[in-house]
Amino acid sequence: MSVIKFILFLCSLIGYTSYVRTRTSISKYLVYIGIISFQVTFLYVASLLNLLTGAAWLLYILGFTLFLYTSKGSIRHIFEAIINNLHFVSLFMAIYVVLYCLALWNQTLVHYDNFTHWATIVKFLHLENRLPNINDTIISYNNYPIGSSLYLYYITKFVGFNDGILLIGQFIVIAAAQYAIFDTVKDKRRLLPNALIFAGIGVMTYLNFSIRYNNLLVDALIAALSVAAVSVLFEMKKENFLGSTVVVTLILNFLVMVKASALFFVICIILAYFVIGIKRQLFKESRKLSIYSLLTLLPIISNRIWSFHVKTTFGDSIIKKHEVHSGSITDVLQLQLTADQTKILQTYLDTVFSLKTLTSIQILLIYCLALGLLIFYGIKYKQWKYNLQIYLVCALVTFLYYAGNLVIYLTAMPVDEALRVAGFERYILTIILINLFIFIIQLVRQMDDVFYEKNYLKRNNRSYKSFRNKKLYELTTIAALMLFTGFIISDTNGMSEQMNTVLEEQRALNEITEEKHLESGNYLVVSANQEQVDNYFLQYYARYVLWNPHVDARYDFILTDNEFETIIKQYDGVLLLDNHYTFVATMKKLTQRTLSPGYYPVEQFHFDN
């Protein structure tokens, strides 16, 4: 049944994309991420107006109606449209999406941050059909934007709520953003430039190895949306200015609603939009085009509206994570550091400049390869200026991102987390992926300019300077596609194997709580896995599964009999996940009961006084 619902959901999405493609000049590569961004923006406005359920149904039904309209209600017409639009890029993207949907369908969420926020907020939206308020203590970070969560709410509303659907929903957004990159290829009939972009997507799965697509963390999503917006700018001309402006505005509006830190990339891209518009004289010829450009301020407005909503809804009860205070920044800029901040600064710099840090090696390699290509094109083809500009702008943005990241560690993180640069690899992953794809985009565009046959219309299978060049072209294309295929097969197999590493405690908790309703009351989760208790994973996971904020997890039961009894009586029930020796032995001593893993209401325990 879930498969049928998922197919119907895709039909609703395709209804929008088909209609927009037939009625506008927006590129087929941009239309998917453009429509998804529009849907998220629409749901965002509806959520602020407390109209989330109606908005979701309206989007779904309208999309399905457009699907029937554009397909003319004919299965034959649908198949004809598929065949007519089937080409190299769409075929490989379809294979890519299908492979990952199959791999993610039965996946289980495992990362800690899924249950501190990213999965929790979607489950809240799914159950309540509204934004959280001050009384909803199940939400740990109530000031986080909800962009990606709204789209996951939308898909779970009509397909069903489970881990696999959540992961597929987020992957669809990432894949749609990746598809937009192909719009930057100048001669879209050529295989090699497209194959190199596919290779970049394959490399992305390797760079994203630490979290993969089987988690709802948004580091890779932020990068994908940023690159999609940049892709629009590469092809922005007077003829498609309005369409480009609308698409880039919608993508940036989605991006700024994913995470507060994404505002940095939004501002950078808006600045790039105006610089490119001025350089290409897009605003000079028409006042109307200048007015259209003001649409790009919408993401900034959305960001301020969300801040206002959070402030008016939660007031002094805002639960913030990694909030930067202006006073702290001033002290840092004046180099007035505390002893702890000095240690954090040294640790951060040691991490950044260490060749033992994987992300540092990756970004160094990317910049070295980009520099090599810059020199090659400069010497051989005398193309220095634009390539150098791209390289220096990317370097500047990267430096500012690292600097901003350092400020967060110095001013916003708990000292113990900052001293071990917690989350560093994930945060830097975002800028690594952005650099990777921008350099690939510039590479394929430069490659198009230096092909032997300059006239796109005259290019065919004989348009090569020599047979040797043709052979090199073919081998490079095959190698790029093999790289892409190898990486995605390796990644999907890795995710399948990762299912075997799901904690026994997770499985036990799911089995114990099956068909039980423990949404109210106070509960204690008991486990012998000290690591998963100390890092709070089991506590947050149990709160997510039971859907109850009043759940604690405990490992240490080396207590006096009175202390043990006092602690147990604070709860309405106990969930014993394993044969915790100390807990079971103490219970045997005090209640004459031998406990095995399971759920026990505290009222059943009769302690010997």
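- With hydrogens and angles left out, the side-chain atoms of N114 and N215 include a donor and acceptor closer than 3.5 Å.
- Note: Y348 and Y409 meet the aromatic proximity criterion, with ring centroids under 6.0 Å apart.
- Listed by first then second residue, pairs satisfying salt bridge (charged side-chain N to carboxylate O under 4.0 Å, His left out) with a partner in residues 136-147 read R130-D136, not counting sequence neighbours.
- At least one donor-acceptor pair under 3.5 Å links the side chain of R543 to the backbone N or O of P549.
- If you look at F161 and H126, their ring centroids are closer than 6.0 Å.
- Between the side chains of K311 and N143, not a single donor N or O lies within less than 3.5 Å of an accepting N or O.
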Evaluation steps, side chain to side chain contact (heavy atoms under 4.5 Å, CB included), between F254 and V258: CA-CA 7 Å; F254 184 4; V258 171; 3.8 Å; yes
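- Among all heavy-atom pairs drawn from R554 and L559, the shortest one is NH2-CD2, 3.8 Å.
- For Y540 and F115, the ring centers sit 6.0 Å or farther from each other.
- Atom CG of N129 is separated from atom CG of L131 by 11.0 Å, given to the nearest 0.5 angstrom.
- Put simply, CG on L433 and CD on Q178 are 9.5 Å apart, with the number rounded to the nearest 0.5 Å.
- If you take CG on L595 and CZ on F605, they are separated by 5.0 Å, rounding to the nearest 0.5 Å.
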Donor-acceptor contacts, no H, no angles, side chain residues 353-365, under 3.5 Å, sequence neighbours left out:
unit_1 : atom_1 : unit_2 : atom_2 : d
S354   : OG     : K356   : N      : 3.0
T357   : OG1    : T351   : O      : 2.6
S360   : OG     : V352   : O      : 2.6

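- Rounding to the nearest 0.5 angstrom, the gap separating the OG atom in S226 from the CD1 atom in I434 is 4.0 Å.
- Separation of the Y571 and Y523 ring centroids does not fall under the 6.0 Å cut-off.
- Between Y401 and F265, a ring centre-to-centre spacing shorter than 6.0 Å is recorded.
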Between V574 and Y599, is a side chain to side chain contact (heavy atoms under 4.5 Å, CB included) present by the stated rule, with each step listed? CA-CA 6 Å; V574 174; Y599 169 70; over 6 Å; no
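- Across L576 and F583, no two heavy atoms sit closer than the pair CD1-CD2, 3.9 Å.
- Scanning all heavy atoms of the two residues, the minimum distance from F537 to V110 falls at CE1-O, 3.1 Å.
- Judged purely by distance below 3.5 Å, without hydrogens or angles, the side chains of D350 and Q346 pair a donor atom with an acceptor atom.
- Counting only heavy atoms from C-beta outward, the side chains of L207 and V203 approach each other to under 4.5 Å.
- Here F158 and Y60 bring their ring centres to under 6.0 angstrom of each other.
- Within the 3.5 Å criterion, the main-chain N or O of L410 finds a donor-acceptor partner in the side chain of Q341.
- Here the side chain of D572 pairs no donor or acceptor atom with the backbone of G521 at under 3.5 angstrom.
- Shown are T492, D491, T205; of these, the side chain to side chain donor-acceptor pair (under 3.5 Å) with Y100 is made only by D491.
- Ring geometry, F6 versus F9: the interplanar angle falls under 30°, so the pair is classed parallel (tilted spans 30 to 60°).
- In this structure, Q506 contributes its side chain and L538 its backbone to no donor-acceptor pair below 3.5 Å.
- Geometric assessment of R304 against the ring of F308 yields a negative cation-pi assignment under the 6.0 Å and 45° thresholds.
- Between V526 and L575 the shortest side-chain heavy-atom distance does not fall below 4.5 Å.
- With contacts defined as side-chain heavy-atom distances shorter than 4.5 Å, the pair V533/Q539 does not qualify.
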CA sep, side-chain torsions, deciding dist, call: E511, R507, salt bridge (charged side-chain N to carboxylate O under 4.0 Å, His left out): CA-CA 6 Å; E511 292 174 4; R507 301 182 194 275; over 6 Å; no
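- Put simply, the side chain of V551 reaches to within 4.5 Å of the side chain of N548, judged on heavy atoms.
- Taking a 6.0 Å sphere around CD1 of I558, one finds it holds 12 or fewer heavy atoms contributed by other residues, nucleotides or ligands.
- In the displayed structure, K343 atom NZ is contacted under 6.0 Å by at most 12 heavy atoms of other residues, nucleotides or ligands.
- Minimum interatomic distance between Y44 and S302 (heavy atoms only, all atoms of both residues): OH-O, 2.9 Å.
- Residue L150 comes nearest to L43 through the heavy atom pair O-CD1, 3.7 Å, listed as atom of the first residue, atom of the second, then distance.
- Taking each heavy atom of D578 and S527 in turn, the nearest pair found is OD2-OG, 3.3 Å.
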Pair V525, D552 - check side chain to side chain contact (heavy atoms under 4.5 Å, CB included), show working. CA-CA 6 Å; V525 175; D552 297 320; over 6 Å; no
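- Side-chain contact between Q170 and V173 is absent, with no heavy-atom pair separated by less than 4.5 Å.
- Relative ring orientation between W118 and Y144 is described as tilted, the plane-to-plane angle lying within the 30° to 60° band.
- Proximity of N142 to I134: side-chain heavy atoms (C-beta onward) are nowhere separated by under 4.5 Å.
- No side-chain donor from either of T586 and D561 sits under 3.5 Å from a side-chain acceptor of the other.
- Between L125 and L52, the closest side-chain pair of non-hydrogen atoms falls below 4.5 Å.
- L152 contributes atom CG, which lies 14.5 Å from atom NZ of K157 (distance to the nearest 0.5 angstrom).
- The distance from atom CD of E519 to atom CG of L127, rounded to the nearest 0.5 Å, is 9.0 Å.
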What do the steps show when you test M204 against I174 for side chain to side chain contact (heavy atoms under 4.5 Å, CB included), and what is the final call? CA-CA 11 Å; M204 178 178 175; I174 292 174; 4.3 Å; yes
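- A side-chain donor-acceptor contact under 3.5 Å links N253 and T41.
- Checked against Y96 for a ring pair (Phe, Tyr, Trp, His ring centres under 6.0 Å), the options Y213, F484, F487 give a single hit: F484.
- Looking only at side-chain heavy atoms (C-beta outward), M587 and Y600 stay at 4.5 Å or farther from each other.
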